[in-house]
Amino acid sequence: MAEPTPTPENVSVTIDGMTLSVPKGTRLLDACAQAGVSISHYCYHPGLSAPAQCRMCLVEVEKSPKLVASCVGTVADGMVVHTQSENALKAREGVLEFYLVNHPLDCPVCDQAGECKLQDYVSAEGPPMGRSKEPKRVLGRDDFGGDVMFYADRCVMCTRCVRFMREVAQDERLTTVQRGSRTVIDTFYDEGLTGNIWADNIVDLCPVGALVSKDFLHKARAWDLDRTPSVCPNCSMGCNVRLETRDNQVMRLKPRPNPEVNAHWMCDFGRLNYSWMNRVDRIEAPLVRDGGRHVPMSWADTLTRLADALRGAAGGARAVVSPFEGNEGIGALRRVLEAVGGGDGVFRCEQGEEVILPGFPELALRRDRAANVVGAELFGFARTGGADGKGGLEQAAAHTGVLFVLGDELADAPADFGANASLFVYVGQHLAPAARNAHFVLPATTFAEMEGTFTNIQRRVQRFWPAQRAPGMARPSWQILGVLLAGISEAGAPGTAADAFAGLGAVRAEFGQLSWAELGAQGAVLPGVRELQETGD
Amino acid sequence: MAYPYRHPSEVQLLSKHFGEPEARTLQGWVERGGYQALRKALGMSPADIVTEVKNSGLRGRGGAGFPTGMKWSFMPKKEPGKPHFLVCNADESEPGTFKDRELMRWTPHALIEGCLIGAHAIHAEHAYIYIRGEFFEAAQIMARAIEEAYAAGYIGRNIFGSGIDLDLTLHIGAGAYICGEETGLLNSLEGRRGEPRVKPPFPAIAGAFRYPTAVNNVESLIAAAQVVLNGAEWYKQYGTEKSVGTKLFCVSGHVKRPGNYEMPLGFNFKEFIYDVCGGTPTGKPVKAVIPGGSSVPILKADELDIGMDYESMAAAGTMLGCGSVIVMDEGVNVVKQVRRMVDFYAHESCGQCTPCREGTAWSSKILRRIEMGRGAPEDLDTLLQISDNMSGKTICVLSDAAAAPIVSSIQKFRDDYLALMQAGQLAGAGVR
């Protein structure tokens with residue numbers, strides 16, 4: 001280890017024998033983390049104030065008469081900290097024993113089991129056996145409104161939920177009532193949390209199974225879930241999330257911290273709007289129209305036929321894309337349109353009221369309720385239709401040349417949509433009635449089944465990863481359109497999402513200035529932010 | 001109406017006018033030399049007042065015994081636009097304590113004077129008296145006295161033509177022991193839940209409404225007013241070298257003459273109990289004495305030959321606290337008394353810190369089980385370990401307070417516990 005170099009802003013602190021240099025004023029708990037020592041804590045959370053009340057994070061500091069709560073204690077130069085001393089271990093074991101005095105130990109039926117900090121800490125540092133022989137306090141459970149159910153007996157009284165509603169949501173709906181071991185979290189009003197779209201964050205914050213999601217209740221065990229980093233597709237904010245799946249079904253969305261986008265939070269609208277990812281009525285094979293019916297065909301034959309058809313197509317091209325598609329698919333479509341002589345493209349997006357999170361105003365449920373509106377605009381697609389995400393397709397419906405539809409289900413389109421098109425290509429997930437006239441129906445994956453990127457309202461390009469297996473022969477749209485492009489132009493076919501992303505620079509130069517690697521897990525902002533933000537509205 | 005009991009060994013500086021209803025009125029108080037201290041203080045610079053009180057050696061009478069002048073000197077330099085506050089802690093709620101109540105009942109103007117002098121000393125323009133919610137009568141008397149003093153111009157703008165403005169507000173609590181803890185009190189004063197705050201920052205830096213604040217006990221402020229009037233040297237003639245002055249002792253339990261006694265600090269404790277208070281009314285020997293409020297360690301009968309001052313009490317392993325003496329004779333079941341105290345702390349724990357929230361309630365349940373005859377000797381080890389886990393591990397000292405009687409009673413009256421266990425075993429075996 002390199003010798004720490006003290007600077008005026010840095011202080012030297014020794015933690016469990018390791019000396020390190022950290023900025024003055026660093027929280028002891030964070031300094032310990034830098035030294036590789038993780039300190040148990042309940043009430044402290046980086047997104048909230050620190051009340052230092054759980055007393056779980058006590059550490060021994062030399063020359064301090066009492067143990068120090070490392071969540072509020074800060075480093076001082078020359079400080080010597082012992083996190084594993086007899087006193088510190090005994091204190092933390094003691095606190096854990098106190099938690100177990102009234103805890104119901106109903107892990108077998110508790111939703112939090114497997115991701116519970118009480119289980120974790122007791123396993124790590126708790127007493128080998130509880131000594132309490134006394135009857136436990138029983139408080140029962142309460143529907144807190146919204147998506148939140150409260151199991152009072154499991155509560156460790158860390159008050160993260162109360163502080164989230166007070167400090168971050170700034171909509172004081174929860175409080176502590178009573179005193180001593182009768183203290184319990186409660187709502188102020190009859191409606192409880194109903195109506196506050198940020199309320200489900202308290203379920204994430206709850207370190208134990210006291211606050212649970214009604215939507216997720218008893219649906220899956222934590223250890224059966226697969227967790228995939230992703231981006232919430234439900235508005236143009238692009239909150240960083242994890243898609244949590246079991247048996248290929250999305251079970252829930254959880255926020256993934258990103259200080260530039262969503263901090264630790266996400267809204268209930270985005271969180272609970274995932275059932276469409278589990279739809280079973282999917283197109284599973286490429287379909288080619290033969291007379292009045294669609295016939296399944298192999299990808300190779302389908303794309304060869306489509307390329308041939310495109311080469312002979314006349315009448316100019318038009319396209320409709322869905323803002324739920326990734327940058328790579330939309331960009332590939334733009335390149336295909338250019339290869340056949342260019343053409344207008346539109347997208348539609350449902351809109352709603354913008355709801356800002358007061359305690360972190362960078363985050364809001366944005367007006368556009370789809371992830372990639374900015375991406376669609378950057379690739380030259382114009383907004384059409386109403387705030388309900390419908391209408392505006394008259395020109396496309398009556399188009400007599402080449403017509404592409406990518407992702408948009410055309411749920412509101414009439415049955416004769418595209419009937420006059422010389423070549424109608426439908427790349428999508430579901431076989432909507434309006435697709436009946438398509439000459440080619442190509443099964444595409446949803447964002448949850450592939451790798452790719454969205455561009456959010458801050459013009460931050462963020463990656464998502466495949467969380468579900470694609471049904472049948474469905475393929476990512478960037479792959480379908482990329483192979484097609486290779487068939488009708490000099491471009492090479494992309495083998496990976498990274499290849500597809502690299503091809504975007506050919507359509508929008510600013511994408512060429514970002515590398516796949518620098519996107520990382522938290523994304524990167526496209527150059528030229530200001531100019532582009534103006535066009536974004 | 002004469003005050004119930006007086007004793008020639010008393011030195012009545014603060015309690016002199018107890019039992020004189022006229023002293024409650026502004027006129028009566030002025031006739032007794034009242035408001036001279038305030039008049040003198042307003043002519044002094046704040047720094048001089050602080051120095052005088054510091055020199056007197058007066059220590060806070062709320063229980064901790066922290067030097068009053070020193071506390072005032074911790075206040076930061078006054079900055080324009082940043083108010084200072086003086087808050088008088090009149091939430092006297094330690095079981096067995098009733099000295100501040102008597103001070104306010106009989107000499108409300110003395111407290112007004114003390115608050116205004118203290119406020120002036122720390123550059124505060126507004127003082128608050130946070131009075132315990134259950135003190136209905138004392139609150140009424142204080143409210144009337146404050147009204148009278150405002151009307152006479154003793155509180156308010158340009159007091160005595162000094163150019164100094166001081167306001168005083170009486171705030172009535174809602175009845176919680178924890179609001180006697182100074183930061184819990186400040187939260188309650190601000191309209192928040194009465195929960196102690198994490199320190200630092202201390203109230204001198206961020207107190208009431210997050211502004212610099214001094215929190216002083218009723219008795220401390222009244223004593224400080226007398227120090228200002230008569231000088232530090234005058235005050236030093238009472239008490240011992242390190243425990244200067246007089247102190248009100250509230251005596252309850254098994255004594256012939258319970259009540260408040262103002263004794264010079266250092267007075268012999270045994271003499272106090274047997275002579276001043278008259279010993280036990282039943283004639284049974286004294287078994288145990290709690291010398292400073294229910295949260296201090298218990299003394300046995302053979303440990304009483306000590307001085308009633310901060311140092312001697314500490315040397316005997318206990319604390320002078322707020323001077324609340326609870327005497328128990330041989331007829332008392334110590335386990336039951338301790339259980340009742342711990343019940344109190346379990347009820348009054350604010351519920352923030354885990355060791356206190358869970359530890360007080362758990363201890364109370366174990367003690368009750370022992371009391372019912374269903375205990376076992378290993379329960380005592382558990383109790384001691386719980387107490388250890390509760391002590392020094394929390395934001396405030398309520399859980400330390402709850403642990404003290406448990407630990408000292410097990411150490412000193414283990415036989416009482418074992419007797420209950422044995423009786424329970426015999427009863428269980430059908431032996432009566």
Side-chain angles (χ1 to χ4, degrees), chain A residues 41-44 49-58 60 64-69 71-74 87-88 90-103 118 127 129-137 155-159 162 166 175-185, chain B residues 175-179 184 192-201 342-370 374-376 378-379 381-383 385-400 402:
Chain A
H41 57 275
Y42 292 115
C43 67
Y44 171 70
S49 65
Q53 65 184 57
C54 74
R55 314 312 286 180
M56 202 50 240
C57 68
L58 296 173
E60 188 164 357
S64 170
K66 287 183 181 180
L67 297 175
V68 175
C71 65
V72 287
T74 53
N87 275 344
K90 190 169 158 292
R92 296 204 294 267
E93 184 181 300
V95 173
L96 285 166
E97 186 182 26
F98 284 136
Y99 279 121
L100 298 175
V101 169
N102 279 314
H103 191 85
L118 191 58
M129 254 179 77
R131 287 175 296 179
S132 175
K133 304 174 201 161
E134 319 310 321
K136 293 190 180 198
R137 170 208 62 186
C155 178
V156 292
M157 282 308 301
C158 70
T159 70
V162 175
R166 181 188 301 148
T175 188
T176 45
V177 297
Q178 291 291 357
R179 289 193 305 235
S181 71
R182 306 167 317 286
T183 316
V184 65
I185 308 292
Chain B
Y177 174 73
I178 198 60
C179 294
R192 300 165 198 271
R193 235 175 106 83
E195 291 175 338
R197 299 175 183 169
V198 177
K199 287 150 276 188
V342 175
D343 272 356
F344 172 82
Y345 291 108
H347 185 264
E348 297 297 328
S349 163
C350 81
Q352 273 192 110
C353 300
T354 312
C356 178
R357 180 181 68 240
E358 303 295 342
T360 51
W362 186 12
S363 303
S364 136
K365 284 179 183 172
I366 296 176
L367 285 165
R368 186 173 284 274
R369 182 162 51 77
I370 294 172
R374 295 198 306 275
E378 57 265 29
D379 288 327
D381 300 334
T382 307
L383 278 172
Q385 283 160 17
I386 294 172
S387 296
D388 189 35
N389 286 336
M390 281 163 64
S391 302
K393 311 274 195 307
T394 47
I395 293 174
C396 81
V397 292
L398 189 147
S399 72
D400 302 60

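Proteins come first, then strands; the chains are lettered A, B, ... in the order of their sequence lines, and each starts at number 1. The figures that follow rest on heavy atoms only: side chains count, while hydrogens, waters and symmetry mates do not.
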**side chain to side chain contact (heavy atoms under 4.5 Å, CB included) between B:Thr394 and A:Gln53, intermediate numbers included** = CA-CA 7 Å; B:Thr394 47; A:Gln53 65 184 57; over 6 Å; no
**Request:** List in chain and number order the residues that pass side chain to side chain donor-acceptor pair (under 3.5 Å) with A:Arg137, two or more places apart in sequence or in another chain; answer none if no residue qualifies.
**Result:**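 Not a single residue meets the side chain to side chain donor-acceptor pair (under 3.5 Å) criterion with A:Arg137.
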Looking at every non-hydrogen atom in both residues, tell me the closest pair between [X] and [Y] and how far apart they are.
{"X": "B:Lys365", "Y": "A:Pro135", "answer": "NZ-O, 2.7 Å"}
{"X": "A:Phe98", "Y": "B:Glu358", "answer": "O-CG, 3.4 Å"}
{"X": "B:His347", "Y": "A:Arg182", "answer": "O-NH2, 3.2 Å"}
{"X": "B:Val198", "Y": "A:Ala52", "answer": "CG2-CB, 3.7 Å"}
{"X": "B:Thr354", "Y": "A:Arg55", "answer": "N-CG, 4.3 Å"}

Which atoms of [X] come close to chain B, meaning under 4.5 Å heavy atom to heavy atom: side chain ones, backbone ones, both, or neither?
{"X": "A:Thr176", "answer": "both"}
{"X": "A:Val156", "answer": "backbone"}
{"X": "A:Val72", "answer": "side chain"}
{"X": "A:Glu93", "answer": "neither"}
{"X": "A:Val184", "answer": "neither"}

With only heavy atoms counted, which part of [X] is less than 4.5 Å from chain A, the side chain, the backbone, both or neither?
{"X": "B:Ile366", "answer": "both"}
{"X": "B:Ile386", "answer": "both"}
{"X": "B:Glu348", "answer": "both"}
{"X": "B:Thr360", "answer": "neither"}

**Prompt:** Going by atom types only, do A:Thr183 and B:Arg357 share a side-chain donor-acceptor pair under 3.5 Å?
**Reply:**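 The answer is no; no qualifying pair exists.
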**Message:** With chain B as the partner, which of A:Thr175, A:Asn102, A:Leu67, A:Val68 has the greatest number of non-hydrogen pairs under 4.5 Å?
**Reply:**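 With the most close heavy-atom pairs to chain B, the winner is A:Asn102.
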Within this structure, what is the [atom1]-[atom2] distance for the pair [X] and [Y], rounded to the nearest 0.5 Å?
{"X": "B:Ser363", "Y": "A:Glu134", "atom1": "OG", "atom2": "CD", "result": "9.5 Å"}
{"X": "B:Arg193", "Y": "A:Arg179", "atom1": "CZ", "atom2": "CZ", "result": "8.5 Å"}
{"X": "B:Asp381", "Y": "A:Arg131", "atom1": "CG", "atom2": "CZ", "result": "9.0 Å"}

**Request:** Name the member of B:Ile178, B:Asp388, B:Asn389, B:Asp379 that forms the most heavy-atom pairs with chain A at distances under 4.5 Å.
**Result:** B:Asn389
**Request:** Determine yes or no for a side-chain-to-main-chain donor-acceptor pair under 3.5 angstrom, with B:Lys393 supplying the side chain and A:Ala91 the backbone.
**Result:** no
